[in-house]
Amino acid sequence: MRRNVILSLLLIAVFVAVVAVAVGVTRPPSGTGVADSARTSSAVPVVREDSHVLSDAGEGAPVLVEFLDFECEACLAAYPLVEQIREEYAGELTFVVRYFPIPSHANAMNAAVAVEAAAQQGRFEDMYTRMYQTQSEWGEQQDSKAPLFRQFAQDLGLDMAAYDAAVADPAIQQRVEQDRQDGMALGVQGTPTFFLDGELLQPTSEGDFRAQIDAAVNR
């Protein structure tokens, strides 16, 4: 038990250290809808119309956006905290996920494409969760794990003909790449990177991260 607590604290520390290197951007004007309420002053939107919304609190709610890489250990460290926040602020906070596969991670793009292929069948969150649950099995390896990701799709009961067609479709990879290009234009330099109502967060601790979200919810 003590070892698990220490490990959890270390993972949270890694998450905070990664998020804290971000630089701020201008808070956007208020608006309605997810895409409008999460824009920066940049021409590049923090949220696009096709972005994946895991928790939708409706118009006017604060919008938390995460740019992530499924092969990123810091993203895995942040995942339990993100899930806690989603649960605690259910109905009050909209949570949006965007892809940011890092080129040095050999299977980051493969993983994102597999998740996007599952999303085409309405199973984004299921595959998103599976990637984090299994990262230790495939992360930091140089050979393609696309066959393993296909097995995940089978395990989820997806239509495999449709899944295979989606994975082979260049438009799916382009969809992932659009997120990555948007992230770079917005100043994303690593993962995980979070935006809250269009502002790139710079938390110094888990408490600070929560406090900024709480302030946005209660504004």
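Just the heavy atoms: all of them, side chains too, but no hydrogens, waters or symmetry mates, feed the values below. When a residue number appears, it is its place in the shown sequence, counting from 1.
- If you take CG on Leu148 and CH2 on Trp138, they are separated by 9.0 Å, rounding to the nearest 0.5 Å.
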ask   = So His52 and Glu116, side-chain hydrogen bond (donor to acceptor under 3.5 Å, both in side chains) or not? Walk me through it.
value = CA-CA 9 Å; His52 295 296; Glu116 185 59 25; 2.6 Å; yes

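- With sequence neighbours excluded, the residues satisfying side chain to side chain donor-acceptor pair (under 3.5 Å) with Asn107 are Asn110.
- The backbone N or O of Gln133 lies less than 3.5 Å from no partner atom in the side chain of Glu137, so there is not a single donor-acceptor pair.
- The backbone N or O of Phe95 lies less than 3.5 Å from no partner atom in the side chain of Arg86, so there is not a single donor-acceptor pair.
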Practice task
Evaluate the criterion side-chain contact (heavy atoms from CB on, under 4.5 Å) for residue pair Glu125 and Thr129; output intermediate values, then yes/no.
Solution key: CA-CA 6 Å; Glu125 184 166 5; Thr129 301; 4.1 Å; yes

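- In this structure, the side chains of Phe100 and Met184 come closer than 4.5 Å at one or more pairs of heavy atoms.
- In this structure a side-chain-to-backbone donor-acceptor pair under 3.5 Å is missing from Gln173 to Val113.
- Here the side chain of Asp69 pairs a donor or acceptor atom with the backbone of Ile102 at under 3.5 angstrom.
- Figure legend: Arg130 and Phe152 shown as a cation-pi pair, the cationic atom lying under 6.0 angstrom from the six-membered ring centre and within 45 degrees of its axis.
- Side-chain contact of Glu177 with Gln181: a donor-acceptor pair under 3.5 Å is present, judged by distance alone.
- With sequence neighbours excluded, the residues that form a side chain to side chain contact (heavy atoms under 4.5 Å, CB included) with Asp182 are Val44, Arg48, Arg98, Gln178.
- With sequence neighbours left out, Met160 forms a side chain to side chain contact (heavy atoms under 4.5 Å, CB included) with Arg150, Ala153, Gln154, Leu158, Tyr163, Asp164.
- A distance of 11.5 Å separates CE of Met109 from CD1 of Ile172, quoted to the nearest 0.5 Å.
- Contact check for Gln135 versus Met131: no side-chain heavy atoms found under the 4.5 Å cut-off.
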Task: Criterion salt bridge (charged side-chain N to carboxylate O under 4.0 Å, His left out) on Arg210 and Asp208, from CA distance to verdict - done: CA-CA 5 Å; Arg210 288 178 176 275; Asp208 182 33; over 6 Å; no

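- Ring geometry, Phe124 versus Tyr128: the interplanar angle falls under 30°, so the pair is classed parallel (tilted spans 30 to 60°).
- Within the 3.5 Å criterion, the main-chain N or O of Asp159 finds a donor-acceptor partner in the side chain of Gln121.
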